[in-house]
Amino acid sequence: MPAWGAEVPAITWLAHARLLRALLNSSTAGSLSKAAFEGALDAALSPPANVLRVLDPRPYTADAARLSVAQRIPLMPAEMLVVAIRNGAWVNVHLKNFADSWGRIVEDTGAAIRVYGPSDLDSRP
């Protein structure tokens, strides 16, 4: 994403596992797997450090579980939000996966949320 500049995106373990699951199951035509390029699975299995970082879940798991219960949100967004809050980072999310309550959760924490729509993602070279 051009908006990220030189920043290397980092994803949580759960998001990485879901990415791999989507790429491994070619029988389902989800928005991710149907747009995957040749070699996407290999790249996702072992992403180059300058392209994508997969975070170790251990420092975040307990707080993510607590946030999930306290806010009544699924574990995946709870994990993303905890990581962002702890690191004062951005959560980059597609509009169809965004929940309005997330903004309230990160308010005054140093974290922020960027929501992307389809037109933001369709600007491929």
- request: For side-chain contact (heavy atoms from CB on, under 4.5 Å), just list the numbers for I105 and I85, CA-CA rounded to whole Å, side-chain angles, deciding distance to a tenth of an Å, and then say yes or no.
  value: CA-CA 9 Å; I105 293 169; I85 290 167; 4.2 Å; yes
Stepwise side-chain contact (heavy atoms from CB on, under 4.5 Å) test for L81 and I73: CA-CA 11 Å; L81 294 173; I73 60 175; 4.0 Å; yes
task: Could you state whether L95 and W102 fall into the same hydrophobic cluster, counting links through intermediate Ile, Leu, Val, Met, Phe, Trp or Tyr residues with side-chain heavy atoms under 4.5 angstrom apart?
output: yes
Non-hydrogen side-chain atoms of [X] and [Y] separated by less than 4.5 Å:
X	Y	answer
P47	V54	yes
V106	V91	no
L23	L45	no
P59	R86	yes

Euclidean distance, L67 CG relative to Y60 OH, rounded to 0.5 Å: 14.5 Å
message: With side chain to side chain donor-acceptor pair (under 3.5 Å) as the rule and sequence neighbours excluded, what pairs involving residues 41-57 come up?
response: D56-R58
field: Evaluation steps, side-chain contact (heavy atoms from CB on, under 4.5 Å), between F98 and I113
entry: CA-CA 9 Å; F98 176 69; I113 299 173; 3.7 Å; yes
To check you understand the geometry: which heavy-atom pair defines the closest contact between [X] and [Y], and what is its length?
X	Y	answer
A64	A78	O-CB, 3.4 Å
H94	V115	C-CG1, 4.4 Å
P48	A43	CD-O, 4.5 Å

- prompt: Just wondering, more than 12 heavy atoms not from W13 lying within 6.0 Å of its CH2?
  reply: no
query: Between E79 and L14, is there a donor-acceptor pair closer than 3.5 Å when you use the side chain of the first and the backbone of the second?
result: yes
